[in-house]
*Asks:* 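What follows is a structure written as structure tokens; I'll ask about it next.
Please read all numbers here as calculations on a predicted model, not as lab measurements.
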Number of protein chains: 2
Amino acid sequence: MAFTIGELGKATGTKVETIRYYERIGLLAKPERTSGNYRSYGKAELGRLSFIRRARDLGFPLGQVQALLSLSDDRTRDCATVDALARDHLAEVERKIVDLTALRSELSALLDSCEGGTVGDCRIIEALAPPATSGETQ
Amino acid sequence: MAFTIGELGKATGTKVETIRYYERIGLLAKPERTSGNYRSYGKAELGRLSFIRRARDLGFPLGQVQALLSLSDDRTRDCATVDALARDHLAEVERKIVDLTALRSELSALLDSCEGGTVGDCRIIEALAPPATSGETQ
DNA sequence: CTTGACCCTGTAGTTGCTACAGGGTGCATA
DNA sequence: TATGCACCCTGTAGCAACTACAGGGTCAAG
């Protein structure tokens with residue numbers, strides 16, 4: 001019924017330092033302490049930390065996790081805000097995918113152009129180097 | 001022929017603080033100074049900073065940029081190392097794309113399941129919350 | 001009664017910048 | 001000449017989201 005921080009960490013796949021970090025930034029409340037000053041957690045904290053971890057796994061930044069947590073605390077509230085948060089986050093993820101996909105094309109084009117040889121002839125270095133203003137081989 | 005740090009920044013799309021930061025971490029050499037202790041750059045530095053910026057735009061982390069720079073300094077060296085760096089980076093980018101694509105599916109599935117109503121019925125919150133061990137509405 | 005696994009606090013490091021604070025320089029204008 | 005303004009200088013602290021110590025204390029087992 002009561003867990004140490006290490007048990008809580010194991011149960012949620014979270015490092016002990018991370019749990020203490022979440023406490024420090026106010027994402028987790030300060031837990032009770034044992035006589036030996038060890039943190040002591042119950043089922044509620046386990047639930048809360050699991051929630052946090054799932055949201056983080058889905059890529060929600062801590063600020064949004066915080067928001068989701070307080071939204072989930074008031075079960076009578078309209079779910080539209082939650083929806084909007086998730087939608088924003090999805091848009092962000094999609095933006096990143098687009099960026100990375102463009103990057104991938106550039107990188108593989110670069111790699112395709114490489115035909116071995118020395119750095120002097122390397123297309124990759126060439127592509128990175130600034131546009132030659134005149135004839136310069138330095 | 002000689003630029004101030006601001007001009008160099010404008011020419012390469014780099015903030016002044018970032019240039020000083022690159023100098024601090026040794027990515028750019030300490031430049032000459034004017035009588036008034038202003039940094040003074042020439043064409044070589046402009047080229048080097050452009051290189052850095054392009055590599056950064058392609059998502060290379062600074063450590064790899066450093067490596068690419070020293071590789072590009074020796075034009076007689078075999079280009080295979082450059083190739084390997086780029087290939088590693090491409091692999092990394094592809095890994096991220098895969099991760100984000102999985103994330104996108106999860107998020108849009110979550111969003112599709114939301115039918116409005118209150119937070120109490122919200123599928124998104126429900127998906128984040130830990131698996132109900134027994135009957136608990138708290 | 002000692003070993004070892006765990007826990008505690010506090011601080012500093014990571015990556016790649018960005019943003020001050022508190023001052024100096026250099027040029028144009030009143 | 002003064003004074004204003006844009007720019008430069010150094011040094012430090014902040015962002016996200018942890019991670020990794022150092023230097024201790026606690027607790028159960030053997």
Side-chain angles (χ1 to χ4, degrees), chain A residues 2-28 30-41 45 48-49 51-69 85 88-89 92-93 95-96 99-100 103, chain B residues 2-28 30-41 45 48-49 51-69 88-89 92-93 96 99-100 103:
Chain A
F3 319 110
T4 64
I5 195 171
E7 287 162 352
L8 190 65
K10 231 161 261 168
T12 58
T14 313
K15 297 209 167 142
V16 164
E17 286 97 335
T18 304
I19 299 175
R20 285 197 282 247
Y21 167 71
Y22 288 163
E23 180 184 327
R24 208 160 55 242
I25 64 169
L27 204 56
L28 290 175
K30 301 194 177 202
E32 314 222 324
R33 299 290 183 128
T34 66
S35 55
N37 199 32
Y38 284 17
R39 286 171 180 80
S40 175
Y41 299 97
E45 279 101 334
R48 192 171 170 97
L49 183 53
F51 186 105
I52 293 170
R53 290 268 97 194
R54 295 201 194 189
R56 291 289 302 130
D57 284 349
L58 287 169
F60 286 95
L62 287 178
Q64 290 193 9
V65 175
Q66 183 80 276
L68 287 169
L69 275 168
L85 269 174
D88 281 1
H89 182 46
E92 182 72 10
V93 168
R95 211 183 44 68
K96 279 186 192 161
D99 285 357
L100 285 173
L103 205 56
Chain B
F3 318 111
T4 64
I5 195 170
E7 287 162 352
L8 190 65
K10 231 162 260 167
T12 58
T14 314
K15 298 210 166 140
V16 164
E17 286 96 337
T18 305
I19 299 177
R20 285 197 282 248
Y21 168 71
Y22 287 164
E23 180 184 327
R24 208 159 56 243
I25 63 170
L27 204 55
L28 289 175
K30 301 194 174 200
E32 313 223 324
R33 297 294 182 125
T34 66
S35 55
N37 200 31
Y38 283 18
R39 286 171 180 81
S40 176
Y41 298 97
E45 279 101 335
R48 192 171 170 96
L49 183 53
F51 187 106
I52 294 169
R53 290 267 99 193
R54 295 200 194 190
R56 291 289 302 130
D57 284 349
L58 288 169
F60 286 96
L62 287 178
Q64 290 192 10
V65 175
Q66 183 80 276
L68 287 170
L69 275 168
D88 280 2
H89 181 45
E92 183 72 10
V93 168
K96 279 186 190 159
D99 284 359
L100 286 173
L103 206 55

*Asks:* A side-chain contact here means heavy atoms from C-beta on lying under 4.5 Å apart; do A:R39 and A:T4 qualify?
*Replies:* no
*Asks:* Grab the NZ-P distance between A:K96 and D:dA16 for me, whole Å please.
*Replies:*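 After rounding, the gap between these two atoms is 14 Å.
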*Asks:* Let's see if you can work this out: which of C:dT9, C:dC7, D:dC7 has an atom nearest to the side-chain heavy atoms of B:K10?
*Replies:*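 Nearest to the side-chain atoms of B:K10, counting from C-beta on, is D:dC7.
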*Asks:* Flag the pair A:I25 / A:L62 as yes when at least one side-chain heavy-atom distance between them is below 4.5 Å, and no otherwise.
*Replies:*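 Answer yes - side chains close enough.
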*Asks:* How long is the line joining CG of B:N37 and C1' of C:dG23, in whole Å?
*Replies:* 13 Å
*Asks:* Kindly point out which of D:dC8, D:dC7, D:dC27 is positioned nearest to the side chain of A:S35?
*Replies:* D:dC27
*Asks:* Once you round it to whole Å, what is the distance between C1' of D:dT10 and NZ of B:K30?
*Replies:*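 That distance rounds to 12 Å.
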*Asks:* What integer distance in Å separates B:R56:CZ from C:dT15:P?
*Replies:*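 The distance from CZ of B:R56 to P of C:dT15 comes to 11 Å, rounded to the nearest Å.
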*Asks:* Using a cut-off of 4.0 Å on non-hydrogen atoms, how would the nucleic acid contact of A:I25 be classed: base, sugar-phosphate, or nothing?
*Replies:*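 If one applies the 4.0 Å heavy-atom cut-off, A:I25 turns out to touch nothing in the nucleic acid.
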*Asks:* Want to settle it: does A:T34 or B:R33 sit nearer the 5' end of DNA chain D, counting the closest nucleotide to each?
*Replies:* B:R33
*Asks:* Looking at A:R39, does any N or O in its side chain come under 4.0 Å of the phosphate oxygens OP1/OP2 on C:dC8?
*Replies:*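 Checking A:R39 against C:dC8: at least one side-chain N or O falls below 4.0 Å of OP1 or OP2.
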*Asks:* Send over the distance from A:I5 CD1 to D:dC27 C1', rounded to a whole Å.
*Replies:* 17 Å
*Asks:* Nearest of C:dG16, D:dC27, D:dC7 to any side-chain atom of B:P61?
*Replies:* C:dG16
*Asks:* Let me spell it out: for each of B:G36 and A:Y38, pick the nucleotide of DNA chain C with the closest heavy atom. Which residue's pick is nearer the 5' end?
*Replies:* A:Y38
*Asks:* Within this structure, what is the CZ-to-P distance between B:F60 and C:dT15, rounded to whole angstrom?
*Replies:* 17 Å
*Asks:* In this structure, how many angstroms lie between the P atom of C:dC17 and the CG atom of B:L49, rounded?
*Replies:*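 So the CG-P distance, B:L49 to C:dC17, works out to 11 Å.
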*Asks:* Is the shortest heavy-atom distance from the side chain of B:I52 to the side chain of B:R56 under 4.5 Å?
*Replies:*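 Yes, at least one pair of side-chain atoms sits under 4.5 Å.
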*Asks:* What is the distance, rounded to the nearest whole Å, between atom CG of A:L62 and atom C1' of D:dG14?
*Replies:*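 Rounding to the nearest Å, CG of A:L62 and C1' of D:dG14 are 16 Å apart.
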*Asks:* Can a donor-acceptor pair be found, under 3.5 Å and without considering hydrogens, that links the side chain of B:H89 to the backbone of B:L58?
*Replies:* yes
*Asks:* Can a donor-acceptor pair be found, under 3.5 Å and without considering hydrogens, that links the side chain of B:R48 to the backbone of B:L27?
*Replies:*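 Checked: pair present.
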*Asks:* With a 3.5 Å cut-off and just heavy-atom distances, do the side chain of B:Y22 and the base of C:dG16 make a donor-acceptor pair?
*Replies:* no
*Asks:* Which heavy atom of B:P31 sits nearest to which heavy atom of B:E23, and what is that distance?
*Replies:*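 Taking every non-hydrogen atom into account, CD-OE1, 3.5 Å.
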*Asks:* Quick one: closest heavy-atom pair of A:G13 and A:R53, and the distance?
*Replies:*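 Closest pair (atom of A:G13, atom of A:R53, distance): O-NH1, 3.7 Å.
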*Asks:* Between protein and nucleotides 19-24 of chain D, what N or O pairs are separated by less than 3.5 Å?
*Replies:*
{"residue": "D:dT19", "atom": "OP2", "partner": "A:T18", "partner atom": "OG1", "Å": "3.1"}

